[in-house]
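A short worksheet on the structure shown next.
Labels below follow one simple rule: chain letters A, B, ... track the order of the sequence lines, proteins then strands, and each chain is numbered from 1. All values reported here derive from a predicted model rather than from experimental measurement.
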Protein chains: 2
Amino acid sequence: MNKCESEVMSFPSDILSQEEQDEILREISDIPDVNEMVHILSNNSNINGENDFNEEKEYKDKIVIVVPANEHSIPPIISNILSNEEYPGPFEFEVDICPNGSKNPWVYSPPLNKIFMDMNSPFPVDFKIKNRPQNSLFIRVTPVYSLPQHSQDFVYRCINHEHPMETSNRNVKENVRQHIIRCSNSSAIYLGDKEKSQRLSVAIPLSLPQSGTESVREMFQFVCKNSCPTPGMNRRPIEAIFTLEDVSGHVLGRQTLRVRICSCPKRDKEKEEKEHSDNTRLPRGKKRKVEKSEKKPVASSDVDNKEYKLTLNIVGKHNAQQVLKYSHDLMAGEYIRHGSNGGEVYKNCLNGINNLMIFPTLK
Amino acid sequence: MNKCESEVMSFPSDILSQEEQDEILREISDIPDVNEMVHILSNNSNINGENDFNEEKEYKDKIVIVVPANEHSIPPIISNILSNEEYPGPFEFEVDICPNGSKNPWVYSPPLNKIFMDMNSPFPVDFKIKNRPQNSLFIRVTPVYSLPQHSQDFVYRCINHEHPMETSNRNVKENVRQHIIRCSNSSAIYLGDKEKSQRLSVAIPLSLPQSGTESVREMFQFVCKNSCPTPGMNRRPIEAIFTLEDVSGHVLGRQTLRVRICSCPKRDKEKEEKEHSDNTRLPRGKKRKVEKSEKKPVASSDVDNKEYKLTLNIVGKHNAQQVLKYSHDLMAGEYIRHGSNGGEVYKNCLNGINNLMIFPTLK
DNA sequence: ACACAAGTAC
DNA sequence: GTACTTGTGT
Ligand SMILES: [Zn+2]
Ligand SMILES: [Zn+2]
């Protein structure tokens with residue numbers, strides 16, 4: 001993932017708030033993987049919402065320096081602005097979008113470090129760390145507005161899509177509905193509450209990689225578009241901030257991925273890449289030939305006498321009858337031509353069509 | 001307002017339903033103007049939802065024949081499709097949009113008989129009748145979808161704008177919120193309930209004209225746009241049906257006004273007028289002056305354009321494809337012949353058949 | 001009023 | 001994938 005080039009000021013405000021900790025205690029007590037987190041949280045003295053700077057902690061057999069993202073600023077209060085600065089950290093935290101075939105409903109632009117996809121489309125994100133400690137680690141994903149004039153606003157869903165009857169909200173718990181990012185991981189914890197004017201994020205315990213691989217894949221999904229009306233994103237660009245955290249909420253790594261959720265991911269990606277290259281004045285002589293010829297090979301079987309069920313809507317009673325008549329003629333011709341040598345199947349078919357023609361199903 | 005030349009069959013379904021009558025009884029008991037209505041309603045024997053045809057009633061000193069819009073059909077059940085046929089009736093009921101200066105937030109197109117305005121913009125409508133009786137009369141305004149394939153759907157607000165926190169809903173009663181048409185008249189009665197799957201309308205007692213004038217002006221306002229997402233209008237055109245009714249809900253007059261609620265009324269009016277003149281110029285090479293108001297596409301029972309679902313078994317993939325092709329040809333022919341005036345249903349049908357032809361359901 | 005943005009139909 | 005529709009910012 002490319003370096004984040006944002007010039008937004010960032011503050012070390014990634015720590016869990018008291019409310020979030022309480023919420024975790026309530027929510028995840030039945031999740032084995034995070035029991036340790038619960039234990040530590042319940043004895044956690046660092047509850048005032050501030051990071052301990054340059055705090056030394058022991059992870060496995062390795063002493064690491066836990067540093068905040070920016071050392072040049074110590075705000076007196078917790079900032080609403082979340083840091084989005086790239087910070088691989090002691091475990092060389094990496095976040096990758098696997099390059100996808102054109103078949104996928106999402107598309108990634110390396111030059112923009114931006115993923116484009118439609119709403120409700122699941123997409124994979126690969127997480128990689130090195131020298132993994134014994135302690136439980138978590139990944140938190142927080143959507144934030146990219147533009148500085150909105151980065152202090154929290155990203156909520158629009159009224160429409162948050163509605164309980166929305167198809168995307170079937171069997172979705174009340175507190176999950178307000179989140180625009182969902183994770184398919186069943187241990188996912190949805191943090192924050194719009195009603196309490198809190199920033200929303202989703203956290204998952206970092207799973208162990210499948211043997212033979214170093215990365216862990218998680219599926220995510222956005223359930224609102226950038227174009228959703230206020231109080232939704234209202235056409236403001238966003239990015240997803242992935243933070244690697246320990247159970248106390250200390251940030252051990254951070255990566256950012258710009259995101260656009262829209263109806264035409266491909267078109268919009270090309271448009272943004274074009275204006276990006278225009279802006280940076282790096283004329284790319286890169287031609288792309290879009291090969292779109294996809295002719296399906298017509299396989300011809302030896303004997304074309306299998307039965308196919310057609311369900312089609314026809315406007316107009318007369319027209320529907322015409323279709324029936326045509327079907328009858330077609331089958332009758334075949335029946336006559338085949339005679340007793342394979343014509344039985346056509347005879348059955350004729351009977352079926354006959355019934356449709358005789359009985360007034362077309363009311 | 002131009003004459004409506006609809007050829008659509010219409011049903012006498014404008015009568016007040018029992019629920020509506022009950023609702024009126026509950027709602028307007030404190031409104032002096034309609035006390036008579038309440039009284040009569042409470043003793044009203046015509047509560048079965050059907051009109052009495054050619055019923056003789058005495059209005060003031062004049063005997064009038066109360067006729068339904070169309071006498072040629074007596075449907076056995078109440079239709080969901082509301083008549084939109086022009087019917088001046090015994091009192092020569094007129095509905096006028098006063099021509100406006102360019103300063104107003106709304107514009108009226110005489111050739112289209114259509115008003116264009118932004119959402120939440122109040123606009124005036126003038127009502128005129130002749131030989132006004134002593135009895136109380138009411139004006140009911142009902143929004144309906146213009147296209148036949150949607151005319152049986154009821155017009156509701158979108159989730160977004162129906163939300164209690166919406167600015168347009170400040171100090172607005174619960175049952176009013178769901179209506180897209182509001183009237184500034186304090187005696188307005190909002191009829192129907194979305195929760196009960198009823199059609200919504202607003203009714204007002206017809207005031208007495210100011211001395212020296214013959215018409216009564218009322219201010220209305222639409223609080224959703226045509227472009228509002230489902231379950232809102234979802235870009236489907238609508239019209240407002242104004243019915244003059246007596247206290248029993250008998251229709252004594254009817255006028256229709258097409259409506260478009262959008263962000264750029266002027267632009268969209270010019271665009272629609274342009275394509276209207278394009279459409280009317282081409283088919284008739286010679287005629288120019290006579291046609292001043294267009295035919296309106298409406299649902300009609302004596303037109304053979306309902307959709308029928310056929311489920312038939314065909315032997316042979318090729319034959320199945322032939323049936324599909326034939327169906328496609330049949331619908332395509334209809335579509336071409338109907339054009340934009342009623343061809344939409346065939347287009348939808350074609351899409352369905354297309355999908356069957358393109359996707360290898362025939363495996 | 002114009003040009004752009006972004007969802008949708010074809 | 002193209003073109004149109006329609007809201008929004010300037
Ligand atoms: Zn949304
Ligand atoms: Zn709306």
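Note: CZ (A:Phe116) to P (C:dA6) measures 11 Å, nearest angstrom. Between B:Glu272 atom CD and D:dT6 atom C1' there is a gap of 12 Å when expressed in whole angstrom units. Rounded to an integer number of Å, the gap from CG of B:Asp268 to C1' of D:dC4 is 12 Å. Rounding to whole angstrom units, NZ of residue A:Lys271 and C1' of D:dG1 are separated by 17 Å. Here C:dA9 presents its P atom at 12 Å from CD of B:Gln149, a figure rounded to the nearest Å. Atom CD of A:Glu275 is separated from atom P of C:dA5 by 7 Å (rounded to the nearest Å). Protein atom CG of B:Asn226 is 16 Å distant from nucleotide atom C1' of C:dG7, rounded to whole Å. Rounded to whole angstrom, the span from the CE atom of B:Met117 across to the C1' atom of D:dG7 amounts to 18 Å.
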Given side chain to side chain contact (heavy atoms under 4.5 Å, CB included), test A:Phe220 with A:Leu257 step by step and report yes or no. CA-CA 13 Å; A:Phe220 293 91; A:Leu257 170 66; over 6 Å; no
Determine, stepwise, if the pair A:Glu218 / A:Val141 fulfils side chain to side chain contact (heavy atoms under 4.5 Å, CB included). CA-CA 11 Å; A:Glu218 297 286 351; A:Val141 191; over 6 Å; no
Please test B:Glu273 against B:Ser109 for side-chain hydrogen bond (donor to acceptor under 3.5 Å, both in side chains), starting from the C-alpha separation and ending with a verdict. CA-CA 8 Å; B:Glu273 282 180 344; B:Ser109 166; 2.6 Å; yes
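In this structure, CD in B:Glu239 is found 9.0 Å from OG in B:Ser151, a value given to the nearest 0.5 Å. With rounding to the nearest 0.5 Å, the separation of CD1 in A:Ile261 from CD1 in A:Ile115 is 9.5 Å. Interatomic distance, OG of B:Ser168 versus NE2 of B:His163, reported as 11.5 Å (0.5 Å rounding).
Cation-pi contact between B:Lys194 and B:Tyr156: present, with separation from the ring centre below 6.0 Å and deviation from the ring axis of at most 45°.
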Please tabulate the protein-to-nucleotide N/O contacts below 3.5 Å involving nucleotides 8-10 of chain D, giving atom names and distances.
| from | atom 1 | to | atom 2 | distance (Å) |
| --- | --- | --- | --- | --- |
| D:dT8 | O3' | A:Arg235 | NH2 | 2.9 |
| D:dG9 | OP1 | A:Arg235 | NH2 | 2.9 |

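The side chain of A:Arg260 sits closest to C:dA6 out of C:dA1, D:dT5, C:dA6.
In this structure a side-chain-to-backbone donor-acceptor pair under 3.5 Å is missing from A:Asp118 to A:Pro265.
Contacts between residues 153-163 of chain A and DNA chain C, defined by a heavy-atom separation under 4.0 Å, are absent.
Every side-chain contact (heavy atoms from CB on, under 4.5 Å) that B:His161 has, sequence neighbours left out, goes to B:Met119, B:Arg157, B:Cys158, B:Glu166, B:Cys224, B:Cys228.
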